[in-house]
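Order of appearance sets the numbers: ligands from 1, and atoms from 1 within every ligand.
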Amino acid sequence: MSHKLELISFTLCPFVQRAVIVLKKKNVDFDITYIDLSNPPEWFKSISPLGQVPVLKVGDEVLFESSVIQEYVDEVTPPSLQPKDALIKAKNRAWISFGGDILFAMHAMVTSKDEPVVNEKKAIVLQKLDQLEAVHSGQAYFNGELFNMIDAAYTPMLMRLSFIKLHTGIDLLENTPKLAKWTENLLALDFVQASVVAGFSEMYKGMITHMDGFFATQLRD
Ligand SMILES: N[C@@H](CCC(=O)N[C@@H](CS)C(=O)NCC(=O)O)C(=O)O
């Protein structure tokens with residue numbers, strides 16, 4: 001790779017973490033620059049087309065959208081994490097996009113103050129998790145025994161579900177055993193543990209407290 005990559009990040013962002021997991025899995029030497037999303041610096045506003053993280057700087061070029069960044073990193077660092085079969089790869093891409101929808105519903109569920117809204121979002125999350133359970137291979141990873149791109153894409157969501165269980169006792173994976181086992185397998189990987197800053201679980205709990213929504217009332221000490 002001719003340029004050292006620079007990833008623009010916000011510590012808590014699950015979409016950034018998707019990119020970090022691929023970079024770490026592939027042993028890419030990259031820089032990471034953290035910004036405060038509630039007060040983004042001018043230089044960030046001028047390079048991020050949507051004002052969102054992640055952004056990947058590749059020399060003078062800029063990439064945005066986590067799935068695009070994941071695919072770029074994967075393509076320039078063979079062998080690929082994508083399944084070889086074009087149909088499986090295409091289906092995985094669709095389910096990766098579906099995972100983004102779950103992340104947005106989860107965020108709303110965790111931060112909303114309004115209990116009916118929380119319950120509505122929770123129902124959406126649970127229904128989507130059921131759909132995901134139905135298409136999971138039931139093996140170690142989503143497609144089978146190999147860690148693929150889709151596993152990198154879902155890890156941030158599954159990690160956050162495990163923190164929700166740890167900090168509140170609410171187990172959103174209790175009726176999806178394949179997803180629960182998948183979470184266990186993913187969280188045991190070194191590069192997954194290295195994809196977040198030290199103390200991340202407490203930081204996530206701190207975010208729930210700070211947002212002061214219904215979930216904050218469910219936190220254990
Ligand atoms: N579809 C985007 C979503 C990225 C996203 O929502 N990032 C959030 C942080 S986790 C963000 O930058 N929010 C700031 C904003 O939307 O203004 C992706 O996959 O990269």
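A donor-acceptor pair is defined here as one N or O able to donate and one able to accept, closer than 3.5 Å; no such pair exists between the side chain of Lys181 and the backbone of Gly138. Under a 3.5 Å cut-off, the side chain of Gln193 and the backbone N or O of Leu187 do form a donor-acceptor pair. No donor-acceptor pair closer than 3.5 Å links the side chain of Asn148 to the backbone N or O of Gln82.
At least one heavy atom of Pro54 sits under 4.0 Å from some atom of ligand 1. Ligand 1 is approached by Phe104 to a heavy-atom distance shorter than 4.0 Å.
Among all non-hydrogen protein atoms, the one lying nearest atom 16 (O) of ligand 1 is Gln52 NE2, 3.1 Å. What sits closest to atom 10 (S) of ligand 1 on the protein, heavy atoms only, is Cys13 SG, 2.5 Å. When only non-hydrogen protein atoms are considered, atom 17 (O) of ligand 1 lies nearest to Gly51 O, 3.9 Å.
Between Glu65 and ligand 1, at least one pair of N/O atoms sits closer than 3.5 Å. Checked against a 3.5 angstrom limit, the closest N/O atoms of Val53 and ligand 1 fall inside it.
At a 4.0 Å heavy-atom cut-off, ligand 1 touches Leu37 through the side chain alone. Here Phe44 has no heavy atoms under 4.0 Å from ligand 1, in either its backbone or its side chain.
In summary, the aromatic rings of Trp182 and Tyr154 are positioned with their centroids under 6.0 Å apart. Aromatic pair Phe44/Phe10: centroids not less than 6.0 angstrom apart.
Using a 4.5 Å cut-off on side-chain heavy atoms (C-beta onward), Ile35 and Ile8 make contact. The closest side-chain heavy-atom distance from Val73 to Val28 is below 4.5 Å.
When the heavy-atom distances from atom 19 (O) of ligand 1 to Pro156, Ser66, Ala153 are ranked, the shortest goes to Ser66.
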